[in-house]
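Below: the structure, in structure tokens.
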Amino acid sequence: MALYEKYPVHLSNSLGGKKEVFKPVNPGHIGMYVCGPTVYNDVHLGNVRTFLTFDIVSRYFRHLGYKVRYVRNITDVGHLENDADEGEDKIAKKARVEQLEPMEVVKHYTEGFHEVMRQFNILPPSIEPSATGHLVEQIEITKNLIDKGLAYEVNGSVYFDVMKYHTSHNYGILSGRVIEDLIESGRKLDSQDEKRNKIDFALWKKASPYHIMRWPSPWSIGFPGWHIECTVMSTKYLGETFDIHGGGMDLKFPHHECEIAQAVGANGKQPVNYWLHSNMLTVNGQKMSKSLGNSFLPRQLFAGDHALLEKGFGPMTVRFFMLQSHYSSTLDFSNEALNAAEKGFRKLSNALGTVKKLEHTGGSDNAELRDDLLKMVDACYSNMSDDFNTAKTLAALFEMSARINDFKSGNLSLKNISEETFHAFRNAYIQIMEDVLGLREEEEHNHELLSGVINVLIDLRKKARVDKNYALSDKIRDDLKQLGVQLKDGKDGEINFTIE
RNA sequence: GUUAGUGUACCCAAGAGGUUUAAGGGAUCUCUCUGCAAAAGAGAUAUUCAUCGGUUCGAAUCCGAUCACUGACUCCA
């Protein structure tokens with residue numbers, strides 16, 4: 001029996017707002033699409049949380065035995081400065097500002113994005129398509145929508161006719177927006193006169209003379225609208241109806257609503273069975289935003305290089321910190337919370353190192369102990385299958401850590417469990433930590449030279465202790481502590497150290 | 001204004017009607033181990049879940065109202 005049959009996944013579907021049992025279109029296979037970054041600037045922590053969320057989703061599904069095709073795009077064109085479909089393309093603007101070719105900007109920030117993903121141990125998707133690589137498809141679907149009467153051309157630009165679509169479908173099915181309210185409340189810009197209705201959105205925009213990124217189309221030299229790329233790339237690689245579509249909460253409207261309208265308009269069916277949205281980040285209770293000056297970049301967080309940060313925090317600490325909350329809740333960043341996470345993560349990380357070194361010594365099951373251990377293993381899976389509840393899974397791992405330390409110290413004896421139980425317990429801990437949650441030891445500044453020097457001092461301290469020269473042994477320990485090196489004396493006389 | 005969501009201990013946070021006499025992490029305190037530390041283990045710290053009503057045999061969990069906060073879309077500047 002595959003793991004996914006033993007632990008069927010339940011997930012909260014934004015489309016309908018209910019928690020449902022997950023059933024893939026094709027048994028054993030999963031198609032998942034996630035809106036990737038617009039590569040005109042550095043990724044910020046909000047982006048990281050979204051990609052982390054779906055990293056967990058794909059890791060867990062794979063761990064359960066599903067074959068996952070995970071598509072996450074790179075938006076390298078078409079994301080307009082504002083959703084009035086006016087203004088300059090973000091990438092083109094940046095290119096002019098920095099006197100670079102647009103594709104130079106794209107490459108620079110794409111590589112930066114990949115580096116950040118690597119630091120957070122977020123695995124790459126199966127396919128990472130770019131919008132500019134799919135212009136032909138975007139033009140084709142635009143033609144299709146015009147043919148169906150759901151889009152119209154004005155002055156070389158093409159717009160999606162929302163009211164027309166709404167006569168036979170439901171615009172607002174995902175976001176809960178009421179179309180009448182949208183029409184009433186909007187403001188009218190002069191330049192929006194091209195549209196039949198202000199809520200219409202662009203499928204193709206004619207390029208103004210200053211626009212650097214431009215391609216030929218049946219309607220004009222121009223560039224595609226923002227929403228169409230995701231529809232095209234998800235359909236191309238995952239089919240007209242696929243399993244999961246993810247993204248940040250802020251994309252729910254209008255972006256994902258528009259995607260649904262385009263796909264339903266073009267193909268006549270709902271494109272996605274399960275919509276998943278990850279929630280936003282706040283800082284000290286306030287939303288994280290550039291204008292408030294409280295947003296920070298990953299590298300600022302690592303270095304502690306920001307007015308709101310007392311010190312730096314490693315990427316694994318941050319990853320752990322984010323996993324301690326549910327992806328659908330807002331999460332608050334603060335020094336206090338980060339400090340707590342750092343200590344908590346160190347505890348798990350230490351237990352991971354310990355459990356790897358544990359070896360079964362031969363014995364048979366004590367029923368009570370066995371049930372206790374296996375119950376925790378089961379909890380990990382049940383919790384993960386319950387809408388990817390990483391917080392509860394971590395709680396289970398902390399309890400397992402206590403047992404692991406008991407085995408190490410001798411409070412519990414490995415002779416009281418069978419080899420089978422031991423391996424089930426040990427493997428679950430390691431796999432849930434490393435494969436599913438993607439947590440690994442923080443990349444310490446572990447230079448061989450430094451370790452060697454510390455070990456020399458440790459040897460001296462050992463000798464001092466044997467000689468009961470505690471004044472000297474304490475001096476070695478205290479002086480090292482001053483420098484950020486913590487020595488830990490084991491019962492057996494062995495000494496370990498950690499660098500802070 | 002429209003719409004979606006949130007409000008749980010000193011801090012972060014889980015919780016989707018009875019298995020919770022409210023997980024887990026941090027903090028604080030006590031004890032065990034230890035030459036002393038550190039680490040680790042054991043225990044303690046919310047009669048209570050923003051407020052007020054209601055439904056129910058039973059609610060943090062459902063409904064209504066109020067207050068506060070957040071996102072999106074607007075509005076104003």
Side-chain angles (χ1 to χ4, degrees), chain A residues 10 12 14 17-19 46 82-84 172 174-188 198-199 248-257 277-289 317 320-326 328-348 350-351 354 379 383 386-387 389-412 461 464-466 468-471 473-474 476-478 480-481 485-493 495-498 500:
Chain A
H10 296 243
S12 294
S14 302
K18 291 201 183 70
K19 197 184 271 190
N82 61 56
D83 291 318
L174 177 70
S175 60
R177 291 296 202 286
V178 182
I179 201 160
E180 288 77 14
D181 292 333
L182 290 170
I183 294 164
E184 265 178 41
S185 57
R187 82 185 138 163
K188 183 125 178 133
K198 54 186 286 261
I199 59 175
M249 201 77 102
D250 49 348
L251 296 182
K252 202 167 174 185
F253 187 88
H255 184 55
H256 292 156
E257 194 70 59
H277 288 98
S278 61
N279 217 137
M280 306 286 103
L281 247 38
T282 57
V283 185
N284 297 325
Q286 269 191 314
K287 74 165 177 174
M288 190 183 276
S289 84
T317 294
F320 168 82
F321 170 72
M322 289 184 174
L323 294 179
Q324 265 193 309
S325 75
H326 191 84
S328 64
S329 304
T330 53
L331 175 62
D332 192 56
F333 254 71
S334 66
N335 283 294
E336 215 176 351
L338 248 9
N339 271 319
E342 187 173 59
K343 288 180 184 167
F345 175 64
R346 191 174 298 156
K347 214 165 162 181
L348 279 189
N350 288 343
T354 301
N383 294 332
D386 181 15
D387 205 17
N389 196 324
T390 51
K392 280 180 102 170
T393 303
L394 285 170
L397 286 176
F398 273 108
E399 289 184 34
M400 293 170 84
S401 301
R403 299 300 181 283
I404 288 167
N405 288 320
D406 278 333
F407 283 129
K408 184 195 178 194
S409 68
N411 283 349
L412 288 175
R461 181 156 189 278
R465 292 185 74 208
V466 170
K468 296 207 189 298
N469 185 349
Y470 293 127
S473 71
D474 286 356
I476 292 173
R477 185 179 63 203
D478 296 344
L480 282 173
K481 169 95 176 154
V485 179
Q486 175 71 58
L487 297 189
K488 289 180 256 189
D489 300 340
K491 269 187 199 168
D492 47 9
I495 302 176
N496 294 312
F497 69 91
T498 53
E500 303 197 350

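Note that the structure is a prediction, hence the values are computed from the model and not measured. Residue numbering restarts at 1 for every chain, and letters A, B, ... go by the order of the sequence lines.
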Shortest non-hydrogen separation from A:Glu257 to A:Leu174 and the atoms involved: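 Heavy atoms only, the tightest pair is OE1-N, 3.3 Å.
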For A:Gly248 against A:His256, the heavy-atom pair lying closest together: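 Heavy atoms only, the tightest pair is O-CE1, 4.4 Å.
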Presence of salt bridge, A:Lys481 and A:Asp478, under 4.0 angstrom: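 No, A:Asp478 and A:Lys481 are not salt-bridged.
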Listed partners of A:His255 passing ring pair (Phe, Tyr, Trp, His ring centres under 6.0 Å), at least two apart: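 So A:His255 forms a ring pair (Phe, Tyr, Trp, His ring centres under 6.0 Å) with A:Trp226, A:His227.
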Ring pair (Phe, Tyr, Trp, His ring centres under 6.0 Å) partners for A:Phe398, two or more places apart: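 A:Phe398 satisfies ring pair (Phe, Tyr, Trp, His ring centres under 6.0 Å) with no residue once adjacent residues are dropped.
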Considering every strand shown, what is the Watson-Crick or G-U wobble mate of [N] when both distances are under 3.5 Å?
| N | value |
| --- | --- |
| B:C69 | B:G5 |
| B:C10 | B:G26 |
| B:U61 | none |
| B:U20 | none |
| B:U32 | B:A40 |

Rounding to an integer number of angstrom, what distance separates [N] and [M] when you compare their [atom1] atoms?
| N | M | atom1 | answer |
| --- | --- | --- | --- |
| B:U32 | B:G18 | P | 42 Å |
| B:G5 | B:G64 | P | 12 Å |
| B:A60 | B:U48 | P | 11 Å |
| B:U61 | B:U45 | P | 24 Å |
| B:U28 | B:C11 | P | 15 Å |
| B:A44 | B:C52 | P | 30 Å |
| B:A13 | B:G7 | C1' | 13 Å |
| B:G41 | B:A46 | C1' | 25 Å |

Min side-chain heavy-atom separation A:Thr393-A:Leu323 under 4.5 Å: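 In short, these two side chains do not touch, never coming nearer than 4.5 Å.
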Sub-4.5 Å side-chain heavy-atom contact between A:Lys252 and A:Ser14: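 Yes, at least one pair of side-chain atoms sits under 4.5 Å.
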For A:Asp386, all residues meeting salt bridge (Lys or Arg N to Asp or Glu O under 4.0 Å), sequence neighbours excluded: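 Only A:Lys19 meet the salt bridge (Lys or Arg N to Asp or Glu O under 4.0 Å) criterion with A:Asp386.
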Sugar-phosphate only, base, or nothing, as touched by A:Asp478 at under 4.0 Å among non-hydrogen atoms: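 It contacts nothing in the nucleic acid.
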Of A:Ser473 and A:Leu251, the one whose closest RNA chain B nucleotide lies more 5':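 This one resolves to A:Ser473.
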Of A:Arg461 and A:Asn350, the one whose closest RNA chain B nucleotide lies more 5':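 Result: A:Arg461.
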Each nucleotide N or O in nucleotides 25-28 of chain B that has a protein N or O under 3.5 Å away: list the pair and distance.
residue	atom	partner	partner atom	Å
B:G26	OP1	A:Lys347	NZ	3.4
B:A27	OP1	A:Lys343	NZ	3.0

Would you mind telling me which of [options] lies closest to the side-chain atoms of [X]?
| X | options | value |
| --- | --- | --- |
| A:Leu182 | B:G15, B:C73, B:A40 | B:C73 |
| A:Leu331 | B:A72, B:C36, B:A13 | B:A13 |
| A:Ser12 | B:G35, B:A16, B:G24 | B:A16 |

Contacts of type side chain to side chain donor-acceptor pair (under 3.5 Å), residue A:Asp406, not counting sequence neighbours: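 A:Asp406 satisfies side chain to side chain donor-acceptor pair (under 3.5 Å) with A:Asn411 once adjacent residues are dropped.
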Base B:A16 paired with A:Lys19 side chain (donor-acceptor, <3.5 Å):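 Check passes, donor-acceptor contact within cut-off.
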B:G35 base / A:Asp474 side chain donor-acceptor hit below 3.5 Å: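 Side chain to base: pair present.
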Under 3.5 Å, N/O pairs linking protein and nucleotides 3-9 of chain B:
residue	atom	partner	partner atom	Å
B:U3	O2'	A:Ser175	O	3.1

A:His326 side, atom NE2; A:Asn279 side, atom CG - distance, nearest 0.5 Å: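 Rounded to the nearest 0.5 Å, the NE2-CG separation comes to 10.0 Å.
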